[in-house]
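Proteins come first, then strands; the chains are lettered A, B, ... in the order of their sequence lines, and each starts at number 1.
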Amino acid sequence: GAVVSQHPSRVICKSGTSVKIECRSLDFQATTMFWYRQFPKQSLMLMATSNEGSKATYEQGVEKDKFLINHASLTLSTLTVTSAHPEDSSFYICSARGTTGTNSPLHFGNGTRLTVT
Amino acid sequence: SQQGEEDPQALSIQEGENATMNCSYKTSINNLQWYRQNSGRGLVHLILIRSNEREKHSGRLRVTLDTSKKSSSLLITASRAADTASYFCATAFNNDMRFGAGTRLTVKP
(Lines give C-alpha, C1' and ligand atoms only; values in the text may rest on other atoms or scores of the structure.)
Protein backbone atom coordinates (compact mmCIF):
# COMPACT_ATOMS: atom_id res chain seq x y z
CA GLY A 1 0.00 0.00 0.00
CA ALA A 2 0.91 3.66 -0.32
CA VAL A 3 3.28 4.84 2.38
CA VAL A 4 3.87 8.32 3.69
CA SER A 5 6.86 8.92 5.89
CA GLN A 6 6.85 11.86 8.27
CA HIS A 7 9.95 12.94 10.12
CA PRO A 8 10.73 13.60 12.89
CA SER A 9 8.17 11.80 15.00
CA ARG A 10 9.00 13.89 18.04
CA VAL A 11 10.85 17.15 18.46
CA ILE A 12 11.50 19.38 21.43
CA CYS A 13 12.77 22.86 20.74
CA LYS A 14 13.32 26.09 22.57
CA SER A 15 11.09 29.07 22.13
CA GLY A 16 12.22 31.24 19.24
CA THR A 17 13.81 28.51 17.17
CA SER A 18 12.50 27.04 13.93
CA VAL A 19 11.55 23.46 13.30
CA LYS A 20 11.23 21.69 9.97
CA ILE A 21 8.96 18.70 9.48
CA GLU A 22 9.26 16.53 6.39
CA CYS A 23 6.56 14.54 4.69
CA ARG A 24 7.55 12.07 1.97
CA SER A 25 5.47 9.82 -0.22
CA LEU A 26 7.61 6.73 -0.59
CA ASP A 27 5.98 4.73 -3.35
CA PHE A 28 3.68 7.10 -5.16
CA GLN A 29 3.66 10.60 -6.55
CA ALA A 30 1.70 13.06 -4.44
CA THR A 31 0.29 15.95 -6.39
CA THR A 32 -1.42 17.28 -3.30
CA MET A 33 -0.31 17.22 0.29
CA PHE A 34 -2.23 18.43 3.31
CA TRP A 35 -0.95 19.62 6.65
CA TYR A 36 -3.06 19.26 9.77
CA ARG A 37 -2.76 20.18 13.38
CA GLN A 38 -4.41 18.12 16.07
CA PHE A 39 -4.95 19.02 19.70
CA PRO A 40 -5.43 16.27 22.29
CA LYS A 41 -8.65 14.34 21.84
CA GLN A 42 -9.76 16.60 19.02
CA SER A 43 -10.15 16.31 15.30
CA LEU A 44 -7.68 17.31 12.63
CA MET A 45 -7.66 20.98 11.76
CA LEU A 46 -6.56 21.63 8.21
CA MET A 47 -3.76 24.16 8.12
CA ALA A 48 -2.89 24.26 4.44
CA THR A 49 -3.08 22.47 1.15
CA SER A 50 -0.03 22.31 -1.03
CA ASN A 51 0.21 21.35 -4.66
CA GLU A 52 3.52 20.43 -6.19
CA GLY A 53 5.24 23.41 -7.76
CA SER A 54 2.83 26.05 -6.54
CA LYS A 55 2.22 28.08 -3.42
CA ALA A 56 0.33 26.51 -0.57
CA THR A 57 -3.24 27.52 0.15
CA TYR A 58 -3.62 28.36 3.81
CA GLU A 59 -6.76 28.08 5.86
CA GLN A 60 -8.22 31.15 7.44
CA GLY A 61 -6.42 32.02 10.64
CA VAL A 62 -3.22 30.16 9.77
CA GLU A 63 -0.24 32.48 9.49
CA LYS A 64 1.60 31.66 6.29
CA ASP A 65 4.74 33.48 7.44
CA LYS A 66 4.85 31.38 10.57
CA PHE A 67 4.04 28.03 9.02
CA LEU A 68 6.12 27.85 5.87
CA ILE A 69 5.15 25.08 3.48
CA ASN A 70 7.22 23.94 0.57
CA HIS A 71 6.16 21.27 -1.91
CA ALA A 72 9.11 21.26 -4.27
CA SER A 73 8.69 17.78 -5.65
CA LEU A 74 6.03 15.14 -6.15
CA THR A 75 7.35 13.19 -3.19
CA LEU A 76 8.30 15.78 -0.61
CA SER A 77 6.57 18.54 1.29
CA THR A 78 7.99 20.36 4.28
CA LEU A 79 6.39 22.39 7.04
CA THR A 80 8.64 24.82 8.89
CA VAL A 81 7.37 26.29 12.13
CA THR A 82 9.29 29.54 12.40
CA SER A 83 10.07 31.28 15.69
CA ALA A 84 8.20 28.61 17.59
CA HIS A 85 6.38 29.46 20.80
CA PRO A 86 4.89 27.19 23.47
CA GLU A 87 1.42 27.67 22.01
CA ASP A 88 2.68 26.02 18.81
CA SER A 89 3.15 22.79 20.73
CA SER A 90 0.86 20.28 19.06
CA PHE A 91 0.62 17.16 16.96
CA TYR A 92 1.20 17.92 13.29
CA ILE A 93 0.15 15.41 10.64
CA CYS A 94 0.69 15.40 6.91
CA SER A 95 -1.23 13.49 4.31
CA ALA A 96 -0.80 12.96 0.62
CA ARG A 97 -3.01 12.15 -2.29
CA GLY A 98 -1.80 10.48 -5.43
CA THR A 99 -2.36 11.65 -8.94
CA THR A 100 -5.76 10.01 -9.23
CA GLY A 101 -7.50 12.98 -7.67
CA THR A 102 -10.34 13.54 -5.25
CA ASN A 103 -11.75 10.03 -5.40
CA SER A 104 -8.64 8.51 -3.95
CA PRO A 105 -7.96 8.16 -0.24
CA LEU A 106 -5.47 10.19 1.71
CA HIS A 107 -2.37 8.50 3.02
CA PHE A 108 -1.15 9.82 6.32
CA GLY A 109 2.20 10.15 7.96
CA ASN A 110 2.47 9.08 11.59
CA GLY A 111 2.58 12.63 12.82
CA THR A 112 5.11 14.83 14.59
CA ARG A 113 4.74 15.70 18.25
CA LEU A 114 6.18 19.20 18.66
CA THR A 115 6.94 20.51 22.12
CA VAL A 116 8.20 24.06 22.45
CA THR A 117 9.77 24.87 25.80
CA SER B 1 -12.22 24.26 9.75
CA GLN B 2 -14.09 21.05 10.41
CA GLN B 3 -16.88 19.92 8.14
CA GLY B 4 -18.89 17.32 9.91
CA GLU B 5 -20.32 16.35 13.19
CA GLU B 6 -20.01 12.84 14.46
CA ASP B 7 -21.96 11.06 17.08
CA PRO B 8 -21.56 9.68 19.49
CA GLN B 9 -18.41 11.45 20.66
CA ALA B 10 -17.50 8.38 22.63
CA LEU B 11 -18.75 4.81 22.50
CA SER B 12 -17.90 1.94 24.81
CA ILE B 13 -18.99 -1.60 23.99
CA GLN B 14 -18.13 -5.21 24.79
CA GLU B 15 -16.12 -7.37 22.45
CA GLY B 16 -18.39 -9.10 19.97
CA GLU B 17 -20.97 -6.34 19.89
CA ASN B 18 -21.56 -4.10 16.91
CA ALA B 19 -20.50 -0.44 16.90
CA THR B 20 -22.32 2.21 14.92
CA MET B 21 -20.95 5.69 14.38
CA ASN B 22 -22.70 8.49 12.53
CA CYS B 23 -21.44 11.47 10.59
CA SER B 24 -23.34 14.48 9.33
CA TYR B 25 -21.99 17.13 7.00
CA LYS B 26 -23.11 20.40 5.52
CA THR B 27 -21.80 20.91 2.00
CA SER B 28 -21.57 19.09 -1.32
CA ILE B 29 -19.25 16.14 -1.56
CA ASN B 30 -17.52 14.01 -4.17
CA ASN B 31 -17.07 11.24 -1.67
CA LEU B 32 -16.98 10.53 2.03
CA GLN B 33 -14.24 8.57 3.70
CA TRP B 34 -13.76 6.94 7.06
CA TYR B 35 -10.45 6.83 8.85
CA ARG B 36 -9.14 5.27 12.03
CA GLN B 37 -6.56 6.74 14.37
CA ASN B 38 -4.77 4.97 17.15
CA SER B 39 -3.61 7.26 19.93
CA GLY B 40 -0.65 9.43 18.92
CA ARG B 41 -0.47 8.04 15.41
CA GLY B 42 -1.48 9.04 11.92
CA LEU B 43 -4.76 8.12 10.34
CA VAL B 44 -5.42 4.96 8.43
CA HIS B 45 -7.90 4.91 5.59
CA LEU B 46 -10.72 2.43 6.06
CA ILE B 47 -13.26 2.92 3.32
CA LEU B 48 -14.37 5.43 0.70
CA ILE B 49 -17.92 5.82 -0.54
CA ARG B 50 -18.69 7.97 -3.54
CA SER B 51 -21.55 10.43 -3.62
CA ASN B 52 -23.51 8.22 -6.03
CA GLU B 53 -23.18 5.15 -3.82
CA ARG B 54 -25.48 4.27 -0.96
CA GLU B 55 -23.74 1.41 0.78
CA LYS B 56 -20.35 -0.21 0.81
CA HIS B 57 -18.81 -3.15 2.63
CA SER B 58 -15.26 -4.04 3.50
CA GLY B 59 -14.71 -7.00 5.78
CA ARG B 60 -16.43 -6.22 9.08
CA LEU B 61 -17.10 -2.65 8.01
CA ARG B 62 -20.32 -1.40 6.49
CA VAL B 63 -20.75 2.20 5.42
CA THR B 64 -23.93 3.91 4.31
CA LEU B 65 -24.36 7.30 2.73
CA ASP B 66 -27.54 9.35 2.46
CA THR B 67 -26.80 12.47 0.45
CA SER B 68 -30.33 13.78 0.88
CA LYS B 69 -29.80 13.87 4.63
CA LYS B 70 -26.09 14.64 4.31
CA SER B 71 -25.22 11.82 6.64
CA SER B 72 -23.19 8.64 6.75
CA SER B 73 -22.81 5.79 9.16
CA LEU B 74 -20.02 3.34 9.88
CA LEU B 75 -20.91 -0.05 11.31
CA ILE B 76 -18.25 -2.32 12.72
CA THR B 77 -19.61 -5.80 13.29
CA ALA B 78 -18.34 -8.34 15.81
CA SER B 79 -16.02 -5.81 17.38
CA ARG B 80 -12.65 -6.74 18.83
CA ALA B 81 -10.50 -5.09 21.49
CA ALA B 82 -8.09 -4.16 18.71
CA ASP B 83 -10.80 -1.97 17.16
CA THR B 84 -10.33 0.46 20.04
CA ALA B 85 -9.38 3.76 18.36
CA SER B 86 -10.81 7.07 17.21
CA TYR B 87 -12.81 7.02 14.00
CA PHE B 88 -13.18 10.04 11.75
CA CYS B 89 -15.32 10.73 8.75
CA ALA B 90 -13.95 13.03 6.09
CA THR B 91 -15.73 14.72 3.23
CA ALA B 92 -13.99 15.35 -0.05
CA PHE B 93 -15.04 17.99 -2.54
CA ASN B 94 -12.77 19.06 -5.39
CA ASN B 95 -9.34 19.37 -3.81
CA ASP B 96 -10.66 19.88 -0.30
CA MET B 97 -10.84 17.35 2.53
CA ARG B 98 -12.49 18.07 5.88
CA PHE B 99 -12.68 15.89 8.94
CA GLY B 100 -15.40 15.40 11.46
CA ALA B 101 -14.87 15.61 15.20
CA GLY B 102 -14.45 11.87 15.55
CA THR B 103 -15.84 9.09 17.70
CA ARG B 104 -13.67 7.49 20.34
CA LEU B 105 -14.50 3.80 20.38
CA THR B 106 -13.50 1.58 23.28
CA VAL B 107 -14.03 -2.16 22.92
CA LYS B 108 -13.73 -3.98 26.21
CA PRO B 109 -12.39 -7.54 26.14
Side-chain angles (χ1 to χ4, degrees), chain A residues 1-7 9-10 21 23 25 30-52 54 56-62 71 90-115, chain B residues 1-11 21 23-25 27-53 56 58 61 63 65 84-106:
Chain A
V3 176
V4 172
S5 174
Q6 185 173 341
H7 178 81
S9 59
R10 290 180 179 271
I21 303 169
C23 182
S25 57
T31 54
T32 305
M33 287 187 171
F34 302 88
W35 287 94
Y36 298 88
R37 183 172 180 175
Q38 187 179 34
F39 292 102
K41 299 184 180 180
Q42 294 189 27
S43 186
L44 281 71
M45 302 301 295
L46 179 64
M47 297 175 67
T49 302
S50 72
N51 292 296
E52 183 265 339
S54 61
T57 302
Y58 289 81
E59 294 298 300
Q60 192 171 9
V62 178
H71 191 165
S90 192
F91 191 58
Y92 294 87
I93 310 177
C94 72
S95 68
R97 174 185 289 146
T99 56
T100 51
T102 307
N103 281 323
S104 61
L106 292 181
H107 305 287
F108 283 82
N110 276 328
T112 297
R113 174 76 58 194
L114 171 63
T115 303
Chain B
S1 61
Q2 292 173 218
Q3 158 74 301
E5 296 290 330
E6 293 182 62
D7 77 274
Q9 290 186 336
L11 179 61
M21 289 161 268
C23 169
S24 61
Y25 58 94
T27 62
S28 298
I29 63 170
N30 296 127
N31 63 69
L32 186 143
Q33 304 176 31
W34 284 89
Y35 289 82
R36 165 195 169 125
Q37 183 183 33
N38 284 22
S39 181
R41 306 282 287 180
L43 277 69
V44 175
H45 178 259
L46 296 176
I47 196 164
L48 181 154
I49 185 165
R50 299 185 185 220
S51 59
N52 61 352
E53 296 176 312
K56 207 160 181 181
S58 176
L61 305 181
V63 167
L65 177 64
T84 294
S86 291
Y87 293 82
F88 296 92
C89 68
T91 53
F93 185 69
N94 293 337
N95 202 30
D96 200 23
M97 176 80 78
R98 304 282 167 159
F99 284 80
T103 294
R104 295 175 59 84
L105 173 66
T106 302

Colleague: F34(A): what forms a ring pair (Phe, Tyr, Trp, His ring centres under 6.0 Å) with it, not counting sequence neighbours?
Modeller: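 By the ring pair (Phe, Tyr, Trp, His ring centres under 6.0 Å) rule, F34(A) matches no residue at all.
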Colleague: Which atoms of Q9(B) come close to chain A, meaning under 4.5 Å heavy atom to heavy atom: side chain ones, backbone ones, both, or neither?
Modeller: neither
Colleague: Only pairs of heavy atoms separated by less than 4.5 Å count here; which of G102(B), G40(B), S86(B) has the most with chain A?
Modeller: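 When all of G102(B), G40(B), S86(B) are compared, G40(B) has the most.
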Colleague: In terms of ring plane angle, is the pair Y35(B) and H45(B) parallel, tilted or perpendicular, where the classes change at 30° and 60°?
Modeller: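 Plane angle over 60°, so perpendicular.
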Colleague: Chain B heavy atoms under 4.5 Å from Q6(A): which part of the residue, side chain, backbone, both or neither?
Modeller: neither
Colleague: Please tell me whether F91(A) and F39(A) form a close aromatic pair, meaning their ring centres lie under 6.0 Å apart.
Modeller: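 When the ring centroids of F91(A) and F39(A) are compared, they turn out to be at least 6.0 Å apart.
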Colleague: Measure L106(A) against the heavy atoms of chain B and call it side chain, backbone, both or neither at under 4.5 Å.
Modeller: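 The answer is both parts of L106(A).
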Colleague: R41(B): which residues meet the side chain to side chain contact (heavy atoms under 4.5 Å, CB included) condition with it, sequence neighbours left out?
Modeller: N110(A), N38(B)
